[in-house]
Amino acid sequence: MARASQIFRKVKRLPVSFQRRSLSIATADSVRDNRFLQHSSPDAKVHDHYDVLRFPQTRISTLPNGIRVATETSPSCALHTASVGVWIDAGSRFENPETNGTAHFLEHMIFKGTDRRSARDIEVEIENMGARLNAYTSREQTTFYANVLSDDVPVAIDILADILQNSCFTKRAIERERSVILREMEEVQGQIEEVIFDHLHAAAFQNHPLGNTILGPVENIRTISTGDLYDYISKHYTGPRMVVSAAGAVKHEEVVSQVSSLFSKLSTDPTTAAELVQRRPAVFTASEVRAANDDLPIAHFVVAFKGASWTDPNSIPLMVIQSLLGSWNRSVGVGNLSGSELARNISNNNLAESMMAFNTNYCDMGLFGIYTAAAPDCLPALSLAIMEDLRRMASQISEAEVVRARNQLKSSMMLHIDGTSAVAENNGRQLLTYGRVIPFLELFARIDAVDAATVMETARNFIVDKDVAIAAVGPIDQLPDYSWFRSQTCLK
């Protein structure tokens with residue numbers, strides 16, 4: 001008997017900024033000849049790091065219906081767990097104003113029963129395996145994945161295939177789920193960081209689906225119908241836009257065989273997400289959204305610039321700039337020891353409660369900037385400190401700072417792929433965004449190729465005299481106006 005549901009959902013509005021970026025393709029020999037981790041240790045040798053980063057091979061097969069299957073088998077004989085999931089090139093970006101929220105609504109409904117399994121059957125089956133079934137929706141992707149014991153991988157694949165191809169969207173289940181999503185929306189409104197980044201997207205991508213929220217407006221949630229859900233599936237849940245990724249105690253041939261047999265009802269429409277994006281590319285807009293609320297004790301604001309797409313060659317230098325700017329939180333209490341000059345300045349002068357640089361990529365562009373929370377009377381000095389440090393990226397960066405930023409970035413990447421779920425996600429998302437899985441050996445070589453001159457050139461191209469998008473929530477009367485922030489992008 002199932003004790004409780006082990007089905008979890010989470011909404012990802014802002015993908016983790018240091019994940020999976022790409023430059024031009026390099027051969028293995030050219031990568032090994034590059035400056036690889038040489039700044040991490042004075043005695044480092046290329047072959048030493050090659051051994052350290054020699055991950056298990058990621059095997060990839062493409063099925064006749066367009067689905068790509070990626071597996072990474074752990075070399076550890078003691079590992080008896082696996083993660084397997086489906087990564088889909090479909091999110092809120094592919095909705096129109098009248099159906100905004102459908103992708104997220106569908107994520108909820110996909111667990112409410114199929115022709116073969118009721119909602120309770122799904123929960124009991126997952127619970128009795130000791131497994132976990134997860135899902136999330138972002139602006140460009142939707143994901144469903146399971147963590148299971150190795151012997152249960154075939155069952156997990158069967159469940160995923162069933163819910164993605166045979167779900168029954170009954171009127172009763174839809175009406176029940178409306179209430180669930182409306183309550184979720186109320187909870188999200190209490191999470192200031194979620195709200196402010198939704199406001200940022202609304203400012204930065206006006207009159208474009210990328211600027212819409214993932215949950216959608218209340219009026220849409222109340223009217224989304226069975227037809228809307230099936231229409232979204234038929235248009236976007238297609239073989240060529242899906243990746244099945246598995247990691248851990250898995251065998252490639254077995255996973256390919258199971259996926260080929262079970263994922264047999266999908267449309268083979270060759271239209272890719274990239275083609276849909278090309279038909280309606282996003283345009284960065286210089287704008288702001290300010291939601292004054294003096295009842296809040298702390299002001300939250302974000303200043304952002306137009307960033308780079310996943311495959312833009314500038315994406316890696318922007319990752320290094322993000323690492324240079326850093327992050328800080330008063331509760332951690334190490335700001336005055338941080339390698340980030342901005343973090344030290346904020347900490348030593350008591351300018352904020354927290355600060356975080358971010359760098360988000362989409363198919364055709366991105367957003368990067370700084371989010372911070374502070375007492376109202378600190379806003380003028382904090383804004384000045386932030387803009388001064390952003391300008392500094394274009395003129396006063398030392399090689400020592402860049403070395404530190406590169407090493408922190410590489411460390412974060414390594415920590416991010418700890419566990420089978422992270423590996424499966426890494427491979428699934430990379431296949432969607434790049435069409436291949438980038439070896440860490442190559443990625444780290446590309447990061448090490450970014451020096452101070454590259455950072456300053458990139459900052460001049462993306463920060464100096466460039467438009468900004470601003471979002472602010474809370475007691476923000478003392479926050480400088482938009483024209484001030486725009487003027488601060490010019491070198492003095």
Side-chain angles (χ1 to χ4, degrees), residues 5-10 12 19-20 55-63 65-76 78-90 107 110-111 114 116-117 121-138 141-167 237 239 241-266 416-432 437:
S5 171
Q6 288 294 309
I7 300 175
F8 299 85
R9 306 177 188 88
K10 51 186 177 180
K12 287 194 174 179
Q19 295 176 14
R20 298 164 287 277
F55 286 89
Q57 177 188 10
T58 301
R59 299 183 62 185
I60 301 170
S61 297
T62 301
L63 303 183
N65 62 0
I67 290 182
R68 286 160 290 177
V69 180
T71 64
E72 188 169 310
T73 303
S74 170
S76 173
L79 186 63
H80 299 291
T81 60
S83 295
V84 59
V86 183
W87 276 257
I88 310 170
D89 243 340
E107 175 208 315
I110 219 81
F111 296 102
T114 72
R116 295 170 47 202
R117 296 175 171 94
D121 290 338
I122 295 172
E123 293 188 9
V124 168
E125 195 166 4
I126 291 294
E127 178 76 8
N128 288 345
M129 288 191 299
R132 293 169 65 93
L133 184 60
N134 295 266
Y136 64 80
T137 305
S138 71
Q141 296 176 3
T142 302
T143 298
F144 304 89
Y145 67 99
N147 299 324
V148 296
L149 296 176
S150 58
D151 290 342
D152 295 322
V153 169
V155 181
I157 295 175
D158 181 71
I159 291 174
L160 290 168
D162 192 21
I163 63 177
L164 289 173
Q165 296 176 112
N166 305 312
S167 283
Y237 279 31
R241 291 170 66 176
M242 286 189 179
V243 171
V244 176
S245 179
V250 296
K251 295 181 179 179
H252 184 76
E253 293 79 8
E254 292 179 359
V255 174
V256 169
S257 176
Q258 292 158 12
V259 173
S260 179
S261 173
L262 295 170
F263 284 79
S264 58
K265 298 182 180 181
L266 298 173
H416 181 72
I417 60 160
D418 184 18
T420 58
S421 294
V423 172
E425 180 178 23
N426 178 70
N427 295 341
R429 288 172 60 89
Q430 284 205 17
L431 274 174
L432 290 183
V437 176

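Reckoned from all heavy atoms, side chains included, excluding hydrogens, waters and symmetry mates.
A 4.5 Å side-chain heavy-atom check between V250 and V84 finds every atom pair outside the cut-off. Residues W87 and L431 have side chains not in contact (no heavy-atom distance under 4.5 Å, counting atoms from C-beta outward). Looking at heavy atoms from C-beta onward, K251 lies out of side-chain contact with R59 at the 4.5 angstrom threshold. Under the 4.5 Å side-chain criterion, counting only non-hydrogen atoms from C-beta, E123 is not in contact with F111. At a threshold of 4.5 Å between non-hydrogen side-chain atoms, the residues T81 and N147 do not count as touching. Counting heavy atoms from C-beta outward, L160 and L133 have side chains that approach closer than 4.5 Å. The shortest side-chain heavy-atom distance between R117 and D158 falls under the 4.5 Å cut-off. The side-chain heavy atoms of I126 and M129, taken from C-beta on, include a pair separated by under 4.5 Å.
The heavy-atom pair separating A90 from T142 by the smallest distance is O-OG1, 2.6 Å. Minimum interatomic distance between S61 and H252 (heavy atoms only, all atoms of both residues): OG-NE2, 2.7 Å. Nearest heavy-atom pair, S167 versus I110, reported as atom, atom and distance to 0.1 Å: OG-O, 3.3 Å. Nearest heavy atoms, T73 versus P56: O-CB, 3.3 Å. The two residues I60 and A70 have their closest heavy-atom pair at CG1-CB, 4.2 Å. V243 and G428 get closest at one heavy-atom pair: CG1-CA, 4.0 Å.
To the nearest 0.5 Å, atoms CG (N134) and OG (S83) are separated by 9.0 Å. We find the CG-CG distance between L262 and L164 to be 11.5 Å, quoted to the nearest 0.5 Å. The line from CG of L266 to CG of N65 is 6.0 Å long, rounded to the nearest 0.5 Å. Taken from CD in Q165 to OH in Y237, the straight-line distance is 12.5 Å, to the nearest 0.5 Å. Separating the CD atom in E425 from the NE2 atom in H416 is a distance of 5.5 Å, to the nearest 0.5 Å. Here CD1 of I88 is found 4.0 Å from CE of M242. Values are rounded to the nearest 0.5 Å.
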Apply the test side-chain contact (heavy atoms from CB on, under 4.5 Å) to residues D89 and Q141: give CA-CA distance (whole Å), side-chain angles for both, the deciding distance (0.1 Å), then the verdict. CA-CA 5 Å; D89 243 340; Q141 296 176 3; 4.1 Å; yes

Going through the checks in order, is the side-chain contact (heavy atoms from CB on, under 4.5 Å) test met by V86 and F263? CA-CA 11 Å; V86 183; F263 284 79; 3.9 Å; yes

